[in-house]
Amino acid sequence: MYLGSHVNFGSEQLLGSTKQAISYGANAFMFYTGAPQNTARKSLDDSLTLEALKMMKENNISLENVICHAPYIINLANKKDLSKWEFSINFLRNEINRCEQMQVKYIVVHPGSAVGMSKEEGLSNISEALNLIIKDDDKCMILLETMAGKGNECGSSLEEIKAILDKVNTNNIGVCLDTCHLNDAGYDMTDFNGFLNEFNKIIGINKIKCLHLNDSKNEIGAHKDRHDNIGFGNLGFENIMNIIYNSKLENIPIILETPYVGDYDEDKNRLYPPYKFEIEMLKAKKFNENLKEDIRKYYK
Ligand code: FE
Ligand code: FE
Ligand code: ZN
């Protein structure tokens, strides 16, 4: 199983991400090449990348399981403000170039938000943008993430993802599932096999290249998008086990984006990453109801 989490990029860039992933016992990871909320980007240091690639090799982390995530503020759906749409296109193209410079093979993108327009219009703007961005011989592939359907979010149903893909002129594109988003969008994660069958019928299962593994603070169909720690939300540990040990997803990197655990006893401002402990728990296949206490104890 290829299991890891979201990690920081920071001043050591990909090397920092790799070190952090290893500290969590991960053999996969996902990073943002800068702050996820903005588009300020430092230039890449190739010597740090080389060191990172070496460290990955030594620690059995394959580049197949290293994922980049584009910043949230990219919106390929909204063409009303043409300069913003073009900015999103140029920025995402540049992110792909940065990934290629680091030999990273996948970049996850939120399809976009159809503000002040119909869903159809938004979806077709996304396809149009993707056609301007993707080249057939790109070595880094865009993965469209399945969304929770918050507000005007596009890509919260398999039909919407399919509508985008249908108008894209290349096969050089894939899909990233997010279990919290799927639940919040109305898909029953207690029947993951049923979901995969439906995915296969509508899109084709070979399009799935990454899985974001998150429990959800909300009930099925809530359209909220609030991630929860593994086993503490509405999906529950048993369902999550069935998802990650599903034989159809055997070689797909699994990335945790669960919330940091707060320390409310002494210092309200301390937040600790849950990933080392969630990875251990998932590998042990046994729910740890003291997970959050264990995390606080470990990082204190
Ligand atoms: Fe995402
Ligand atoms: Fe996600
Ligand atoms: Zn989310």
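For ligands, and for the atoms within them, numbers begin at 1 and follow the listed sequence. None of the values given here were measured: they were computed from a predicted structure. For reference, positions follow the sequence shown, starting with 1.
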Review point. Only one of His181, His223, Glu160 clears side-chain contact (heavy atoms from CB on, under 4.5 Å) with Met147; which?
Key: His181
Revision key, fill the gap. Here the vertex angle at the Fe ion (ligand 2) for OE1 of Glu257 and ND1 of His212, given to 10°, is 80°
Point to revise | Rounded to 10 degrees, the angle OE2 of Glu145 makes with OD2 of Asp178 at the Fe ion (ligand 2) | key: 90°
Check your understanding: Closer than 2.8 Å to the Fe ion (ligand 1), do we get an N, O or S atom from His181, backbone or side chain?
Key -> no
Check your understanding: Vertex the Zn ion (ligand 3): angle to NE2 of His227 and OD1 of Asp225, to 10°?
Key -> 90°
**Study point:** Opening angle at the Fe ion (ligand 1) [NE2, His69; NE2, His110; to 10 degrees]
**Key:** 90°
Exercise for review: Starting from the Zn ion (ligand 3), look over the N/O/S atoms of His181 and name the nearest one.
Suggested key: NE2
Practice item. Take the angle between the ring planes of Phe87 and Phe91 and call it parallel below 30°, perpendicular above 60°, tilted in between. Key: parallel
Review point. Is any side-chain N of the basic residue among Glu128 and Lys79 closer than 4.0 Å to the acidic one's carboxylate O?
Key: yes
**Study point:** Any donor-acceptor N/O pair, Thr179 side chain to Asn214 backbone, under 3.5 Å
**Key:** yes
Point to revise | Donor + acceptor pair across side chains of Thr49, Gln101 (<3.5 Å) | key: no
